[in-house]
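Reminder, nothing fancy here: chain letters follow the sequence lines and each chain counts from 1. Heavy-atom basis, side chains included; hydrogens, waters and symmetry copies ignored.
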Amino acid sequence: MAITYELLHVCKQSGARLGRIHTPHGVIDTPVFMPVGTQATVKAMSPDELHAIGAPIILSNTYHLYLRPGHDLIAEAGGLHRFMNWSGSILTDSGGFQVFSLEGLRRLTDDGAEFQSHLDGSYHFFTPEKSMEVQNALGSDIMMAFDVCSPYPSSYEDVKEAGRRTHAWALRCQKAHSRSGEQALFGIVQGGMFADLRRWSAQTLVDMDFPGYGIGGLSVGEPKPVMYQMLEEIMPILPSTKPRYLMGVGTPDCLIEGAIRGVDMFDCVLPTRTARTGTLLTSKGRLVVRNAAYARDFGPVDPDCDCYCCRNFSRAYLRHLFKSEEILAARLATWHNLRFLVHLMEQIREAIAQDRLLDFKDEFFTNYGYSAENPQMTY
RNA sequence: GCCUUAGUAGCUCAAUGGCAGAGCAUUCGGCUGUUAACCGAAGGGUUGUAGGUUCGAGUCCUACCUGAGGCG
């Protein structure tokens, strides 16, 4: 078994799950937030710093590493862990999301997806087998099946077709990968915003028996209540003995709402991406530190945060660094945002253990400024 | 003193005699399995001053002011 999952406790108040995943590279307490390191690096952070933040697992990307520097080169370096000197766990996305996000540079068939490289325009054909080959070469602890992510909105027929392809490809991924014992392969549930297609997709993948399940095709522009409803459709079907991974989420409210609905793993570029352009997450809501309002604010970004940035630097200094386009701005802001979300997950786990996650949600939302009148507030 | 040249948004500069613009800066917004140290929007003008020519002047003419260069 490449990974094992222990369900430690179910929150009596919310139904959220407290768990633990064991991988060849360590133990992961869940629910967990996984920082995204697309190109074999979490932008602006060193591995030591990620450890200090408390991140046990990071995400990396098949498509990007296949194009550059090449999965063969990374295999030659001894695998992705050694190449990037990350001793924790790694989950690799399959390239399926790039089929979705690089729309215009690709063509889909039942066999696979033809990409045009965003780097040099060269053509590449990606199949489920190819995705497995690349992820095997990278040596990630958790690999994702090559899937088809439908844009929002999509017609019922289009989503069903994407689901059919996703399921067929999941099976091919499973076959292509069966020789490897060190890496776990997760299937990915699709089904767009259609309840019956979501249930169909979940059941189809459960029947294939994966060691864990990704939930894809959400947070692609739909209203949040719709996403929550889709989660509620899927969860009763997924086995309680396997981890569930909500892909690409997210914002603090989505992390809490997701955990309440039984999600164990999350990833999102949001904390790192927004950090680099001056948006910070705080216990009192988001703070655009580059704004003039903070020019003479010599207090920390978030008084409740224990990160290196908040313990040592002021909002005014951070704003100065951003206005001056200094590299340290991106580093400190990323450091803070990642620590904020990792810390949020720690608080969520503690609340689950104490059977009070709904209470925690109310407290957090009140402090953060989320309101019932404005559920769609971005973050 | 004379000659040449320049003066337009905070800065650097565009604009056949025909709607005064851009980049940067400033201010603000956005970012959900990263094509992203990115993308977008807004504010900002008595075109050095005073006259003149013209249907119409940033543009042509005169004088003055300020800067740069040259000659004495």
Side-chain angles (χ1 to χ4, degrees), chain A residues 33-45 57-65 67-68 90-106 115-121 131 135 140 142-150 152 166 186 188-190 213-224 227 245-255 257-258 263 265-281 286 288-295 319 321-334 337 341 376-379:
Chain A
F33 177 80
M34 307 181 283
V36 177
T38 303
Q39 311 208 60
T41 169
V42 175
K43 294 183 194 298
M45 289 290 101
I57 177 171
I58 63 170
L59 205 79
S60 200
N61 189 276
T62 299
Y63 166 79
H64 290 277
L65 295 179
L67 282 183
R68 184 174 60 190
I90 298 176
L91 181 151
T92 42
D93 192 19
S94 62
F97 188 72
Q98 277 62 45
V99 174
F100 160 77
S101 65
L102 298 177
E103 192 181 8
L105 291 177
R106 48 83 163 166
F115 287 103
Q116 198 173 358
S117 164
H118 68 284
L119 298 174
D120 61 7
S131 180
Q135 293 187 71
S140 51
I142 298 172
M143 321 192 299
M144 300 305 296
F146 192 54
D147 65 332
V148 182
C149 178
S150 299
Y152 176 82
T166 293
F186 282 20
I188 300 177
V189 176
Q190 289 291 342
Y213 296 91
I215 300 161
L218 293 177
S219 68
V220 288
E222 78 282 8
K224 288 178 179 180
M227 176 171 86
Y245 160 33
L246 178 53
M247 308 181 74
V249 172
T251 61
D253 59 331
C254 289
L255 296 176
E257 298 284 7
V263 175
M265 306 163 70
F266 303 87
D267 82 282
C268 194
V269 302
L270 189 124
T272 45
R273 179 186 286 170
T274 62
R276 291 193 300 280
T277 57
T279 300
L280 302 177
L281 305 171
R286 54 186 259 176
V288 183
V289 79
R290 64 172 185 265
N291 285 359
Y294 306 111
R319 171 179 141 89
L321 292 179
F322 271 108
K323 302 305 282 186
S324 312
E325 297 182 51
E326 283 292 336
I327 294 171
L328 187 59
R331 281 180 41 67
L332 293 177
T334 300
N337 273 358
L341 289 191
Q376 198 52 31
M377 174 184 146
T378 31
Y379 55 95

Which residues pass the side chain to side chain contact (heavy atoms under 4.5 Å, CB included) test with A:C268, sequence neighbours left out? A:F33, A:L270, A:P271
Sugar-phosphate, base or nothing in reach of A:L91, heavy atoms under 4.0 Å: nothing
Output the distance between atom CG (A:L91) and atom CG (A:N61), rounded to the nearest 0.5 Å. 10.5 Å
Interatomic distance where CZ belongs to A:F115 and P belongs to B:U34 [whole Å]: 11 Å
For atom C1', what is the distance between B:U34 and B:C38, given to the nearest Å? 11 Å
Would you say the side chain of A:N61 and the base of B:G33 hold a donor-acceptor pair, judged only by whether the two atoms sit under 3.5 Å apart? no
Just the rounded figure in Å: distance from P of B:G33 to CG of A:L246. 11 Å
Once you round it to whole Å, what is the distance between C1' of B:G33 and CG of A:D93? 4 Å
Should A:S101 be listed as having a side-chain N or O under 4.0 Å from OP1 or OP2 of B:U35? yes
When you compare the side chain of A:K43 with that of A:V36, does any pair of heavy atoms fall below 4.5 Å? no
Side-chain contact check for A:L102: nearest option of B:U35, B:U32, B:G33 is B:U35
If pairs are Watson-Crick or G-U with both distances under 3.5 Å, what is the dot-bracket string of RNA chain B, marking crossing pairs with [ ] and pairs to another strand with |? (((((((..((((....[..)))).(((((.......))))).....(((((..]....)))))))))))).
Residue set satisfying side chain to side chain contact (heavy atoms under 4.5 Å, CB included) with A:R319, at least two apart, ordered chain then number -> A:A292, A:A295, A:K323
Residues at least two apart in sequence or cross-chain that pass side chain to side chain donor-acceptor pair (under 3.5 Å) with A:S117, listed by chain then number, are A:D120
Does A:T62 reach the main-chain N or O of A:D93 with its side chain, forming a donor-acceptor pair under 3.5 Å? yes
When all nucleic acid strands are considered with a 4.0 Å heavy-atom cut-off, which category describes A:Q190: base, sugar-phosphate, or nothing? base
So does A:T279 reach the base of B:C31 with its side chain, donor to acceptor, closer than 3.5 Å? yes
Specify the separation, in whole Å, of atom CZ of A:R276 and atom P of B:G30. 18 Å
Please confirm whether the shortest side-chain N or O distance from A:Q98 to OP1 or OP2 of B:G33 is below 4.0 Å. no
Inter-nucleotide C1' distance (B:G17, B:U59), Å rounded: 7 Å
At less than 3.5 Å, do the side-chain atoms of A:T272 and the base atoms of B:U34 form a donor-acceptor pair? yes
Can you name the side chain to side chain contact (heavy atoms under 4.5 Å, CB included) partners of A:T166, sequence neighbours left out? A:D147, A:V148, A:Q190
Partners of A:R331 by salt bridge (charged side-chain N to carboxylate O under 4.0 Å, His left out), sequence neighbours excluded? A:E49
Expressed as a whole number of angstroms, how long is the span from A:M247:CE to B:U34:P? 8 Å
Can you tell me how far P of B:U35 sits from OH of A:Y63, to the nearest Å? 8 Å
Within this structure, what is the CE-to-C1' distance between A:M34 and B:U32, rounded to whole angstrom? 13 Å
Do any side-chain nitrogens or oxygens of A:T38 fall under 4.0 Å of OP1 or OP2 in B:U34? yes
Just to verify, what does A:Y63 make a ring-ring contact (aromatic ring centres under 6.0 Å, His included) with, not counting sequence neighbours? A:F115, A:H118
Residues forming a side chain to side chain contact (heavy atoms under 4.5 Å, CB included) with A:S150, sequence neighbours excluded: A:S154, A:V159, A:A162
Here's a test of your reading of the structure: between A:G248 and A:A330, which maps to the more 5' nucleotide of RNA chain B? A:G248
Looking at every strand, decide which applies to A:G217 at a 4.0 Å heavy-atom threshold: base, sugar-phosphate, or nothing. base
Over how many whole Å does the gap from A:Q39 atom CD to B:U35 atom C1' extend? 9 Å
Whether each nucleotide of nucleotides 23-29 of chain B has a protein heavy atom under 4.0 Å at its base (B), only at its sugar-phosphate (S) or at neither (-) is summarised, 5' to 3', as --SSSSB
